[in-house]
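Read the structure below first, then the notes.
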Amino acid sequence: MPAGGQLRADQDDGAYRRMSDATVAAEGPRYDYRAAEPKWQAAWDARGCFRVADVPTDGKPKYYVLEMFPYPSGKIHMGHVRNYTLGDVVARYKRARGFAVLHPMGWDAFGLPAENAAIERGVHPGKWTWENIAAMRAELQRMGLSLDWSREFATCDPSYYVHQQRLFLDFLKQELVYRRESWVNWDPVDGTVLANEQVIDGRGWRSGAPVEKKQLAQWFFRITADAPELLAALDGLENWPERVRVMQANWIGRSEGARLRFALAAPEAGITEVEVYTTRPDTLFGMSFLAIAPEHPLAAAMAARDPAAAAFVAECRRMGTSEAVIEAAEKRGHDTGLRVAHPFIAGASYPVWIANFVLMEYGTGAIFGCPAHDQRDLEFARKYGLAVPPVVLPPGEDAARFQVGAKAFVDDGTIINSGFLDGLAAPAEAKRVAIAELERRGVGQGVVNWRLRDWGFSRQRYWGCPIPVIHCRSCGVVPVPAEQLPVVLPDDVDFSRPGKVLDHHPTWKHVACPTCGAAAERETDTLDTFVDSSWYFARFCSPHAAEVVDRAAVDHWLPVDQYIGGIEHAILHLLYARSFTRAMHKTGHLSIDEPFAALFTQGMVTHASFRAADGRWLSPDEVEMHGDGSAVEKAGGAAVQVGRIEKMSKSKRNTIDPGEIIDRYGADTARWFILSDNPPDRDMEWTEAGAVGAFRFTQRLFRLVESAPAAPSGLPAAWSVAARGLRRATHRAIGAVTEALESFSYNVAVARIYEFSNAIAEAERGDGGDAGLAWARFEALEAVARLVAPMMPHLAEEMYSRLHPGFEGVVADLPWLEADQSLAAAEMVTIAVQILGKLRGTVEVSPGADETSVLAAAAAEPHVERLLEGKRVIKRIYVPGRIVNFVIAG
RNA sequence: GCGAGAGUGGCGGAACGGUAGACGCAGUCGACUCAAAAUCGACCGACGCAAGUCAUGGGGGUUCGAAUCCCCCCUCUCGCACCA
């Protein structure tokens with residue numbers, strides 16, 4: 001899904017030669033990843049290690065690992081490397097743990113970039129996409145991922161989207177999708193609908209023309225029908241990040257409030273009242289104006305007869321449809337001159353404004369303004385000199401003197417200046433009473449409102465899944481009959497004309513109505529690409545099935561046990577997929593409601609950016625770094641400004657090509673560095689030094705194996721202190737790495753392996769014919785090879801095959817190691833001794849020592865003893881195995 | 001603007017409320033070498049001769065004890081419905 005990139009460039013392996021030729025010459029045995037990586041990839045492939053059946057019969061517990069599938073931009077980028085490495089660690093680890101692991105890969109292959117390529121370079125979107133897929137597949141395969149490639153598909157392939165069209169028609173039958181008018185960003189020059197990202201400062205990115213809002217008939221997916229269920233079920237998603245659940249809950253946005261009607265003083269174009277939704281009916285007495293959205297029917301009515309109102313509405317139309325733009329814009333309004341009555345205060349009347357910050361899509365498209373207790377209303381009121389009457393008194397304030405300044409008071413308080421509501425607690429109690437009164441008077445009622453809107457998924461684009469309906473003048477919307485599916489995109493298309501490509505096609509849209517046979521037209525909109533990714537995880541279970549899904553396969557494999565992807569998908573993609581799963585349950589395709597049992601969200605990959613004095617962005621390989629952090633341009637030696645570390649992007653030229661890294665250092669090095677740098681849910685910085693460090697470690701591990709003792713034939717007669725120590729390190733490492741892998745703390749797993757390899761190297765130096773230590777070294781080397789296997793699978797195979805020359809199998813098929821707790825146990829523990837919480841010394845005690853003896857030992861520690869002399873100890877805190885704290889008087 | 005996160009040495013980070021800085025990178029010194037690379041060893045938060053003091057974005061608080069829990073603030077990042 002992540003976007004970006006273009007066709008791969010020629011790769012330069014000069015840097016690899018620079019760093020390694022000398023190494024090979026001087027160093028002797030050396031791990032040759034260039035030979036080893038393809039060899040082991042072929043071995044896994046030949047054994048079919050990673051293939052599983054749609055409906056397995058081996059009785060193994062199932063585990064479905066899925067990473068968000070990529071958009072085929074043409075090259076993999078570091079974000080992909082990170083994503084797929086994380087998933088591969090999970091997949092390989094779970095396999096070793098005895099699970100049958102489903103780990104598929106495919107392509108999110110429809111989307112705007114292919115059309116941009118068509119427009120800018122005249123290449124057909126399909127050709128462009130399929131070439132990109134071929135290039136990216138080759139790059140991914142070099143990473144040594146434990147994928148079942150037999151399941152690969154691309155969403156732009158009719159063999160995939162035919163099922164999506166069937167799903168659409170199933171949804172249509174059950175009225176889960178429907179058609180209505182909705183606003184879009186319109187580029188009047190290009191005659192096209194613009195995506196939000198194509199609107200730059202209110203103008204079309206290609207034409208530069210001011211963008212307008214325009215209404216079009218569009219298809220919608222009835223996601224709001226599921227809103228209560230989508231919200232409630234978040235509680236059950238215990239293995240999702242808390243923050244994603246909170247973001248989704250806020251997005252769904254359940255609120256309790258009231259709908260109430262304000263009567264207009266005089267009817268306007270037949271409109272006699274304005275309905276408002278509010279979450280704060282308790283503040284109704286603090287009203288100072290009523291505001292409606294520029295798209296509100298009343299605003300349209302005013303615009304029809306008042307040029308000033310029309311001008312203001314037209315201006316708002318040029319703002320685009322993005323909520324971020326609307327809400328960040330300066331609050332502006334137009335006084336219509338209309339007035340409304342107050343539901344509770346007889347005789348009071350308030351002005352009606354059209355305001356640019358009122359959203360037509362939320363509530364009723366109209367609000368009552370209570371500036372004292374809503375920040376946006378306050379800013380608006382201050383700008384236009386409207387009254388700010390306070391009606392909620394903060395605790396401890398004096399009602400006679402309380403004034404609202406620059407900040408609205410939105411917290412709990414007591415109602416004042418509000419007639420029958422006075423003295424009630426706000427908001428809770430006063431809300432109930434106000435709603436009861438609205439209902440008694442018949443002007444409003446308490447309602448639950450949702451922020452979530454139905455998902456408009458029509459797109460006026462070529463490179464997407466055709467919507468399988470036909471518009472007939474007499475029969476209306478007619479589904480394409482099942483036997484005529486798929487509706488395939490035409491290949492002979494013309495991108496040179498403005499407007500919709502499918503609309504312009506000379507023949508494609510002209511068909512006979514399936515019902516009456518009269519001349520009719522195909523729907524020429526296509527589906528949002530989010531639809532493609534809302535059910536692909538289900539298709540992966542039976543990718544070759546003749547029907548949408550094979551029930552036995554999806555019932556076996558779903559839900560996805562571990563889903564991994566970027567935090568940028570925390571809301572939309574995940575919410576759409578959750579809702580689609582429910583819809584597919586309703587239409588009988590699935591038996592589950594939640595598609596992803598566990599979710600992990602990774603951080604971005606960043607890199608320093610470089611800028612020449614004249615402002616040009618420089619790519620990392622045009623820059624030479626110095627030890628003090630300064631940098632110069634390689635060509636010419638001019639000083640370079642080292643800029644911020646930020647997300648890799650083409651515009652800042654701070655991207656690193658994974659293909660080049662794999663050429664220079666191998667896939668295992670890339671995987672190892674990307675795992676070692678930092679916790680996977682945080683942004684990571686790619687550095688050349690870090691990659692080189694990871695490369696050196698692969699060589700170091702290999703050397704340890706090259707100098708390994710021969711495989712021992714039996715247990716030694718005795719265990720020396722050093723041998724016991726190494727075995728302890730081995731079994732502790734097994735335990736610690738396992739724990740770290742289970743909790744996604746891959747950087748910690750890496751650190752434990754570094755520690756472990758340091759212990760092995762130390763033992764190697766100390767091994768002077770100690771049979772017990774040689775035995776322990778062999779055990780340790782075998783362990784380290786198997787512990788690194790999920791992370792550096794090729795190196796692990798190479799190490800293991802050298803330790804066991806006759807071994808015919810692969811590490812990828814071996815079970816995970818179990819730590820022997822009795823060997824891992826410490827012989828002595830260090831207890832920190834504090835006085836008043838400050839560290840004053842440490843004591844060594846045996847793990848079984850009782851409290852009295854530990855306290856005695858702590859008090860006897862020379863430094864502590866001196867400080868305690870003459871002091872009265874009033875409390876002794878003892879945490880076994882950790883600390884002693886003496887609390888002294890005075 | 002609204003919603004959600006993050007902030008610990010020169011850098012990435014570790015740390016069930018219990019010895020802050022594991023491990024790695026960079027750096028310094030040494031060994032090996034004609035030399036360099038690679039490798040191996042030692043050192044490596046700040047201040048201080050030392051005892052020690054100060055240190056986890058800033059300011060408060062809870063606790064015997066806070067990077068960790070609570071409140072306020074600052075900075076950066078992600079999302080905001082047609083990018084994927």
Side-chain angles (χ1 to χ4, degrees), chain A residues 1-4 19-23 25-27 68 70-71 73 108 111-113 184-185 193-199 241 243-244 246-247 250-251 253 321-329 331 357 361 375-376 379 452-453 455-461 528-530 533 566-573 575-576 601 603-604 606 627-629 644 646-647 676-679 681-685 687 689-690 692-694 696-697 699-700 703 745 747-748 750-755 758 761 765 830-839 841-842 874-877 879 882-887:
Chain A
M1 277 170 220
M19 96 149 284
S20 53
D21 282 357
T23 315
E27 197 189 337
M68 291 179 182
Y71 179 80
S73 59
D108 189 13
L112 270 182
V184 294
N185 295 312
V193 175
L194 297 175
N196 282 332
E197 69 156 16
Q198 296 174 322
V199 179
R243 61 167 166 154
V244 173
V246 170
M247 280 191 264
N250 288 336
W251 186 261
T321 58
S322 142
E323 194 173 310
V325 168
I326 293 168
E327 293 206 19
K331 285 164 194 44
F357 67 94
E361 308 268 6
Q375 191 60 33
R376 284 184 300 183
E379 284 167 33
L452 185 67
R453 310 200 294 258
W455 170 21
F457 60 16
S458 292
R459 296 292 179 270
Q460 296 69 37
R461 320 221 179 271
D528 182 0
T529 58
F530 268 127
S533 55
I567 187 70
E568 68 273 20
H569 294 294
I571 296 176
L572 292 181
H573 161 60
L575 201 57
Y576 293 154
T601 53
M604 297 184 303
T606 64
D628 60 0
R644 277 160 40 97
E646 52 196 322
K647 184 175 183 170
S676 68
D677 188 59
N678 68 351
D681 56 346
R682 287 210 212 155
D683 292 351
M684 76 161 287
E685 186 194 351
T687 59
V692 172
R696 279 203 295 261
F697 186 65
Q699 299 299 336
R700 179 174 149 90
R703 277 196 308 275
S745 306
N747 58 321
V748 179
V750 165
R752 296 296 162 247
I753 287 170
Y754 273 118
E755 278 175 5
N758 288 343
R765 287 192 296 279
T830 307
I831 304 286
V833 185
Q834 301 180 332
I835 295 171
L836 286 172
K838 282 195 191 295
L839 181 71
T842 60
I874 55 176
K875 202 169 173 185
R876 293 173 179 80
I877 286 148
V879 181
R882 295 261 174 204
I883 65 136
V884 168
N885 189 10
F886 294 109
V887 184

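Chain identifiers are assigned alphabetically (A, B, ...) following the order of the sequence lines, protein sequences preceding nucleic acid strands; residue numbering begins at 1 within each chain.
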Taking only side-chain nitrogens and oxygens of A:Asn196, does any of them come within less than 4.0 Å of OP1 or OP2 of B:rA81?
->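 Answer is yes, contact under 4.0 Å.
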
Residue-phosphate contact under 4.0 Å: A:Arg453 side-chain N/O, B:rC82 OP1/OP2 |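 Negative; the distance criterion is not met.
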
Hey, does [X] reach any base, or is it just sugar-phosphate, or nothing, if we go heavy atoms under 4.0 Å?
{"X": "A:Gly456", "answer": "sugar-phosphate"}
{"X": "A:Ser458", "answer": "base"}
{"X": "A:Ala324", "answer": "base"}
{"X": "A:Asp681", "answer": "nothing"}
{"X": "A:Leu452", "answer": "base"}

Residues which pass salt bridge (Lys or Arg N to Asp or Glu O under 4.0 Å) with A:Arg461, listed by chain and number, not counting sequence neighbours |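 Salt bridge (Lys or Arg N to Asp or Glu O under 4.0 Å) check on A:Arg461 returns nothing, list empty.
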
Salt bridge (Lys or Arg N to Asp or Glu O under 4.0 Å) with A:Glu197: which residues, sequence neighbours excluded?
->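 So A:Glu197 forms no salt bridge (Lys or Arg N to Asp or Glu O under 4.0 Å) with any residue.
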
4.5 Å side-chain heavy-atom contact, [X] and [Y]:
{"X": "A:Ile567", "Y": "A:Arg243", "value": "yes"}
{"X": "A:Glu361", "Y": "A:Thr321", "value": "no"}
{"X": "A:Ile877", "Y": "A:Val887", "value": "yes"}
{"X": "A:Ile571", "Y": "A:Val244", "value": "no"}

Are A:Arg376 and A:Glu379 within salt-bridge range, i.e. N to O under 4.0 Å?
->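 A salt bridge is absent here (no side-chain N lies under 4.0 Å from a carboxylate O).
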
Answer with yes or no whether A:Gln460 presents, from its side chain, a donor or acceptor under 3.5 Å of a partner atom in the base of B:rC82.
->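 Such a pair is found, so the answer is yes.
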
Per-nucleotide protein contact along nucleotides 3-19 of chain B, 5' to 3', at a 4.0 Å heavy-atom cut-off (B base, S sugar-phosphate only, - neither), is SSSSS----SSS-B-BB

When the [atom1] atoms of [N] and [M] are considered, how many whole Å apart are they?
{"N": "B:rG60", "M": "B:rG9", "atom1": "C1'", "value": "26 Å"}
{"N": "B:rC43", "M": "B:rG10", "atom1": "C1'", "value": "16 Å"}
{"N": "B:rU28", "M": "B:rC76", "atom1": "C1'", "value": "33 Å"}
{"N": "B:rC11", "M": "B:rG57", "atom1": "P", "value": "13 Å"}
{"N": "B:rU33", "M": "B:rC49", "atom1": "C1'", "value": "39 Å"}
{"N": "B:rA6", "M": "B:rC70", "atom1": "P", "value": "11 Å"}
{"N": "B:rG12", "M": "B:rC72", "atom1": "C1'", "value": "30 Å"}
{"N": "B:rC16", "M": "B:rG65", "atom1": "C1'", "value": "15 Å"}

Interatomic distance where [atom1] belongs to [X] and [atom2] belongs to [N] [whole Å]:
{"X": "A:His569", "N": "B:rG79", "atom1": "NE2", "atom2": "C1'", "value": "11 Å"}
{"X": "A:Leu575", "N": "B:rC80", "atom1": "CG", "atom2": "P", "value": "13 Å"}
{"X": "A:Ile567", "N": "B:rC78", "atom1": "CD1", "atom2": "C1'", "value": "7 Å"}
{"X": "A:Glu197", "N": "B:rA81", "atom1": "CD", "atom2": "C1'", "value": "14 Å"}
{"X": "A:Phe357", "N": "B:rG1", "atom1": "CZ", "atom2": "P", "value": "15 Å"}
{"X": "A:His573", "N": "B:rC82", "atom1": "NE2", "atom2": "P", "value": "15 Å"}
{"X": "A:Phe530", "N": "B:rC83", "atom1": "CZ", "atom2": "P", "value": "8 Å"}

Hey, is the main chain of A:Gly690 close enough, under 3.5 Å, to the side chain of A:Thr687 for a donor-acceptor pair?
->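 Yes, A:Thr687 side chain to A:Gly690 backbone: donor-acceptor pair under 3.5 Å.
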
So, does A:Asp528 use its side chain to make a donor-acceptor pair with the main chain of A:Gly456 at under 3.5 Å?
->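 Flag not set: sc A:Asp528 to bb A:Gly456 has no pair under 3.5 Å.
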
Parallel, tilted or perpendicular: which fits the ring planes of A:Phe530 and A:Trp455, with parallel below 30° and perpendicular above 60°?
->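 Ring orientation of A:Phe530 relative to A:Trp455: perpendicular.
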
N/O to N/O distances under 3.5 Å, protein versus nucleotides 50-54 of chain B:
residue	atom	partner	partner atom	Å
B:rG52	OP1	A:His863	NE2	2.9

Between A:Gln198 and A:Val193, what is the shortest heavy-atom contact and its length?
->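 Heavy-atom minimum between the residues: OE1-O, 4.1 Å.
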
Does the side chain of A:Asn747 pick up a donor-acceptor pair with the side chain of A:Asp677 at under 3.5 Å?
->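 Per modelled atom types, A:Asn747 and A:Asp677 side chains form no pair under 3.5 Å.
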
What pattern of brackets, bars and dots sums up RNA chain B from 5' to 3', given Watson-Crick or G-U wobble pairs under 3.5 Å, [ ] for crossing pairs and | for another strand?
-> (((((((..(((.....[....))).(((((.......))))).(((....)))..(((((..]....))))))))))))....

Map A:Gly690 and A:Val887 onto RNA chain B by nearest heavy atom, then report which one ends up closer to the 5' terminus.
->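 With A:Gly690 and A:Val887 compared, the 5'-side residue is A:Gly690.
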
Short heteroatom pairs, N/O only, protein and nucleotides 40-42 of chain B, under 3.5 Å:
residue	atom	partner	partner atom	Å
B:rC40	OP1	A:Arg700	NH1	2.9
B:rG41	OP1	A:Arg765	NH1	2.9
B:rG41	OP1	A:Arg765	NH2	2.7

Syn or anti: how is B:rG17 classified when any glycosidic angle within 90° of 0 counts as syn?
->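 What B:rG17 shows is an anti base, its glycosidic angle lying more than 90° from 0.
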
